[in-house]
Amino acid sequence: VQLQAFGGGLVQAGGYLRLSCETPGRPLSQYNMGWFRRTPGKEREFVAAISWTGRRTNYADPAKGRFTISRDDAKNMMYLEMSALKPEDTAVYYCVATGSTGSLSTAQALNGRGYDNWGRGTLVTVSS
């Protein structure tokens with residue numbers, strides 16, 4: 001599935017951004033989905049995930065309490081709302097998806113594993 005992430009930009013520390021991800025031509029409801037990020041010189045980092053039903057979500061510790069993942073299947077869109085942004089949130093953010101939606105695959109996806117579809121990233125820069 002083709003994934004397109006957008007919505008990144010420059011924001012001051014403490015600010016808010018909403019990232020969006022769309023799956024043109026494909027029903028979003030068929031996929032477990034998530035967000036990862038990568039900072040230069042660091043490993044790719046899991047951020048958040050949402051199950052194909054939309055009923056389950058999971059967040060990495062840095063995102064808990066500040067980020068919210070959601071999806072609108074009618075619009076074929078997934079979102080990552082980021083509040084109270086910090087300079088250490090600066091990264092390229094990627095939306096990801098997997099069509100494996102069995103119970104084990106979903107549990108793995110919610111923990112940031114098993115994604116086989118990656119979109120182009122969108123850059124988020126948080127200034128101090």
Side-chain angles (χ1 to χ4, degrees):
V1 59
Q2 182 182 3
L3 302 167
Q4 296 180 1
F6 52 94
L10 174 63
V11 62
Q12 287 189 325
Y16 168 90
L17 271 180
R18 187 177 80 163
L19 305 183
S20 301
C21 177
E22 62 179 353
T23 59
R26 287 293 193 105
L28 202 67
S29 58
Q30 296 178 355
Y31 300 93
N32 290 311
M33 301 192 71
W35 292 93
F36 278 73
R37 67 186 183 185
R38 174 173 272 163
T39 302
K42 294 182 68 176
E43 291 286 324
R44 188 172 59 199
E45 179 184 30
F46 168 69
V47 177
I50 187 166
S51 66
W52 66 277
T53 62
R55 290 198 290 266
R56 298 170 65 189
T57 60
N58 190 39
Y59 299 89
D61 285 344
K64 287 178 180 176
R66 299 188 300 126
F67 294 4
T68 302
I69 189 171
S70 62
R71 58 195 294 161
D72 185 338
D73 289 355
K75 296 181 179 179
N76 271 4
M77 296 290 289
M78 177 182 66
Y79 305 101
L80 184 69
E81 294 181 85
M82 305 185 294
S83 301
L85 282 162
K86 306 174 182 179
E88 51 263 44
D89 294 318
T90 295
V92 177
Y93 285 73
Y94 300 87
C95 62
V96 297
T98 175
S100 298
T101 57
S103 57
L104 178 59
S105 296
T106 296
Q108 291 176 333
L110 286 168
N111 284 290
R113 300 195 302 272
Y115 289 101
D116 49 8
N117 293 280
W118 291 73
R120 286 182 140 181
T122 184
L123 176 63
V124 172
T125 303
V126 184
S127 63
S128 56

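We use all heavy atoms of the structure for the numbers below, so side chains are in, but hydrogens, waters and symmetry mates are not.
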Rounded to the nearest 0.5 Å, what separates atom CD1 in I69 from atom CD1 in I50?
5.5 Å
Quick check against the 3.5 Å criterion: does N111 have a side-chain atom that pairs as donor or acceptor with the backbone of R113?
no
Partners passing side-chain contact (heavy atoms from CB on, under 4.5 Å) against Q4 (at least two apart in sequence or in another chain):
Q2, E22, P24
In one Ile/Leu/Val/Met/Phe/Trp/Tyr side-chain cluster, 4.5 Å: Y59, M78
yes
Pairing residues for E81 by the side chain to side chain donor-acceptor pair (under 3.5 Å) criterion, not counting sequence neighbours
Y16
Hydrophobic cluster membership, with links at side-chain heavy-atom distances under 4.5 Å among I/L/V/M/F/W/Y: are L17 and F67 in one?
yes
Tell me, which pairs form a disulfide bond (SG atoms under 2.5 Å apart) where one or both residues lie in residues 9-122, sequence neighbours left out?
C21-C95
Any idea which heavy atoms bring A5 and W35 closest together, and the distance?
CB-CZ3, 4.0 Å
When you group the ILVMFWY residues by side-chain heavy-atom contacts below 4.5 Å and let the links chain together, are F36 and Y93 in the same group?
no
Shortest non-hydrogen contact from A109 toward A49
O-CB, 3.4 Å
Which residues pass the side-chain contact (heavy atoms from CB on, under 4.5 Å) test with Y94, not counting sequence neighbours?
R38, V92, W118
Linking directly or through intermediates, with side-chain heavy atoms under 4.5 Å: list the remaining ILVMFWY members grouped with L10, chain and number order.
none
Same hydrophobic cluster for Y115 and L3, using side-chain heavy-atom links shorter than 4.5 Å among ILVMFWY?
no
Starting from F6, walk the hydrophobic network (Ile, Leu, Val, Met, Phe, Trp, Tyr; side-chain heavy atoms closer than 4.5 Å) and list everyone else you reach, by chain and number.
M77, Y79
Which residue pairs satisfy the disulfide bond (SG atoms under 2.5 Å apart) criterion with at least one member in residues 98-128, sequence neighbours excluded?
none
Do NZ/NE/NH1/NH2 and the carboxylate oxygens of R71 and D73 come within less than 4.0 Å?
yes
Sort and list the pairs that fulfil side chain to side chain donor-acceptor pair (under 3.5 Å) and have at least one residue in residues 97-109, not counting sequence neighbours.
N32-T106
Sequence neighbours excluded, the answer for salt bridge (charged side-chain N to carboxylate O under 4.0 Å, His left out) partners of R66 is D89
Pairs under 3.5 angstrom only: tabulate donor-acceptor contacts from the side chains of residues 121-128 to other protein residues two or more places apart or in another chain.
{"from": "T122", "atom 1": "OG1", "to": "G8", "atom 2": "N", "distance (Å)": "3.0"}

Return yes when atom CD of Q12 has more than 12 non-hydrogen atoms of other residues, nucleotides or ligands closer than 6.0 Å, and no otherwise.
no
Looking only at atom types and distance, does a side-chain atom of T57 sit under 3.5 Å from a main-chain N or O of S51, one as donor and one as acceptor?
no
Scanning both residues in full, the closest heavy-atom pair of T39 with A91 reads OG1-CB, 3.6 Å
Please enumerate all residues that pass side chain to side chain donor-acceptor pair (under 3.5 Å) together with S20, with sequence neighbours excluded.
none
What heavy-atom pair brings W52 and S29 nearest, and what distance separates the two atoms?
CE3-O, 3.4 Å
Should M33 and M82 be regarded as members of a common hydrophobic cluster, given that ILVMFWY residues are connected when their side-chain heavy atoms come within less than 4.5 Å of each other, either directly or indirectly?
yes
Please list, chain by chain and in numerical order, all residues satisfying salt bridge (charged side-chain N to carboxylate O under 4.0 Å, His left out) with D61, sequence neighbours excluded.
K64
Output for pair (L80 CG, R18 CZ), nearest 0.5 Å, gives 10.5 Å
